[in-house]
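Quick notes on the structure that follows.
Since the structure is predicted, the reported quantities are computational estimates derived from the model, not experimental observations.
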Amino acid sequence: MALPDSGKVSSPIGKARAGEASKHKNGETLTQAIRIIPSIQAQVVIHAHPALLLSFFLIRFNALVADPVSTMWSSIPIVVITQAVYAITCLPAVGSQIAKPAKKLRPGEKRKPGSESTGSNVVVTTLVALILSAIASIALHATLVLFGAPFLTHIPHTFLCSTHLAVLGLFPLFYTRGVTNKDWLEILSAGAPLDEAFGGLVGACFGAWLGAVPIPLDWDREWQKWPVTILCGIYAGYLAGKLLGGTVAFGMRFR
């Protein structure tokens, strides 16, 4: 009996290794999972970042229930600063040398001086990613409406909720992936490899969907009003997805 060719056997969920080019069945090169910057500062921030976000959300929870619009609006600058520090310290900016697979040198070949210093300006990349996230908030607002958010009422509530979702879930992806068509086609089709950035987006979206469950229940609780539970789900899902995407699920794909 002929044994199957080991080169054709693959698991249902593929893993992308850093520095290696993974290819689809048709030979097209797939996007690679983004690894955290290997520095002491990144290791410190990567552990402090979830604790800071969670602590800030819990501190502001009572105010969120009492006045959702004012609380979400006043919280945005803090969340933006936290996300920006996290991205700059821990994630390689799109176009930077760290984000690219290391080029193997030929025997006897020397690396050119200054080749490692070329890359994008992190300040410019951060600003552009924030602008793109703000624009994406409009699309997310429309998406929330399509999924059942109030259409003619609670407009500020829905828009600010979508803004928090954009800053948490989309900003790290804009920072690391830019606006490359190929990358975003894989992200939007859930075909991109899981890492901290994409895992955070998946978790935030799933958390937002799960957060809608308590709203129609007849519990008569103040925290059931729109969009308190949605925002709770976004933050909880983002932190969980970010953690899983950066550890046990790193490099895995949904298809």
Side-chain angles (χ1 to χ4, degrees), residues 31 53 57 61 64-65 67-76 79-80 83 128-242 244-245 249 253-255:
T31 57
L53 278 179
F57 185 83
F61 181 74
L64 175 67
V65 174
D67 188 355
V69 172
S70 176
T71 303
M72 285 191 291
W73 172 254
S74 61
S75 298
I76 287 177
V79 178
V80 167
Q83 288 295 91
V128 172
L130 287 173
I131 293 172
L132 291 173
S133 300
I135 296 173
S137 299
I138 302 173
L140 290 177
H141 180 113
T143 303
L144 290 177
V145 170
L146 291 176
F147 274 86
F151 177 48
L152 298 177
T153 62
H154 296 77
I155 295 176
H157 301 67
T158 306
F159 181 74
L160 288 171
C161 182
S162 66
T163 302
H164 279 262
L165 177 56
V167 174
L168 291 174
L170 291 180
F171 166 72
L173 285 168
F174 283 129
Y175 183 86
T176 55
R177 302 287 187 182
V179 290
T180 307
N181 290 338
K182 184 167 84 64
D183 287 1
W184 281 96
L185 283 175
E186 288 195 14
I187 291 171
L188 296 177
S189 64
L194 285 170
D195 50 28
E196 283 227 354
F198 185 49
L201 175 63
V202 173
C205 292
F206 180 75
W209 174 78
L210 200 62
V213 173
I215 294 179
L217 299 179
D218 190 19
W219 292 345
D220 295 328
R221 302 293 183 183
E222 188 69 13
W223 51 263
Q224 287 179 269
K225 63 185 179 183
W226 179 264
V228 175
T229 57
I230 303 294
L231 200 64
C232 289
I234 289 173
Y235 273 80
Y238 170 73
L239 294 176
K242 172 179 175 293
L244 293 175
R253 299 176 187 267
F254 290 108
R255 60 180 181 82

Closest heavy-atom pair and its distance - Gly169, Leu201: O-CB, 3.6 Å
Donor-acceptor pair, side chain of Glu186 and main chain of Lys182, under 3.5 angstrom: no
Test log, rule side chain to side chain contact (heavy atoms under 4.5 Å, CB included), inputs Leu165 and Tyr238: CA-CA 9 Å; Leu165 177 56; Tyr238 170 73; over 6 Å; no
Spatial distance of atom CG (Leu160) from atom CD1 (Ile155) [nearest 0.5 Å]: 12.0 Å
Short side-chain to backbone donor-acceptor contact, Ser70 and Asp67, under 3.5 Å: no
Rounded distance (nearest 0.5 Å) linking atom CG of Leu53 with atom OH of Tyr235: 6.5 Å
Separation of Cys205 SG from Leu210 CG (nearest 0.5 Å): 13.0 Å
Check: Phe57 and Leu231 side chains under 4.5 Å, non-hydrogen atoms: yes
From Leu244 atom CG to Leu194 atom CG, the distance as rounded to the nearest 0.5 Å: 9.0 Å
Atom of Ala190, atom of Phe198 and distance for their closest heavy-atom approach: CA-CZ, 4.2 Å
Residues Val65, Thr71; criterion side chain to side chain contact (heavy atoms under 4.5 Å, CB included); working and verdict: CA-CA 9 Å; Val65 174; Thr71 303; over 6 Å; no
Minimum heavy-atom distance between Leu132 and Val179, given as atom pair plus value: CD1-CG1, 3.6 Å
Closest heavy-atom pair and its distance - Pro68, Trp226: CG-O, 4.5 Å
Sidechain-backbone polar pair: Thr163 side chain, Ser137 backbone, donor-acceptor under 3.5 Å: no
Sidechain-backbone polar pair: Arg177 side chain, Asp183 backbone, donor-acceptor under 3.5 Å: no
4.5 Å side-chain heavy-atom contact, Phe61 and Val228: yes
Minimum heavy-atom distance between Gln83 and Val167, given as atom pair plus value: NE2-O, 3.3 Å
Smallest separation among heavy atoms of Ala136 and Leu170, with atom names: CB-CD1, 3.5 Å
Gln224 side chain to Leu217 backbone, donor-acceptor under 3.5 Å: yes
Side-chain heavy atoms of Thr31 within contact of Pro193, under 4.5 Å: yes
NZ on Lys225 to CG on Leu64, rounded to 0.5 Å: 8.5 Å
4.5 Å side-chain heavy-atom contact, Val213 and Thr229: no
From Ile234 atom CD1 to Trp209 atom CH2, the distance as rounded to the nearest 0.5 Å: 14.5 Å
Basic-acidic side-chain contact under 4.0 Å: Asp195, Lys242: no
Parallel, tilted or perpendicular: ring planes of Phe159 versus His141, cut at 30 and 60 degrees: tilted
Beyond-backbone contact of Tyr175 with Val128, side-chain heavy atoms, under 4.5 angstrom: no
Trp184, CH2: over 12 other non-hydrogen atoms inside 6.0 angstrom: yes
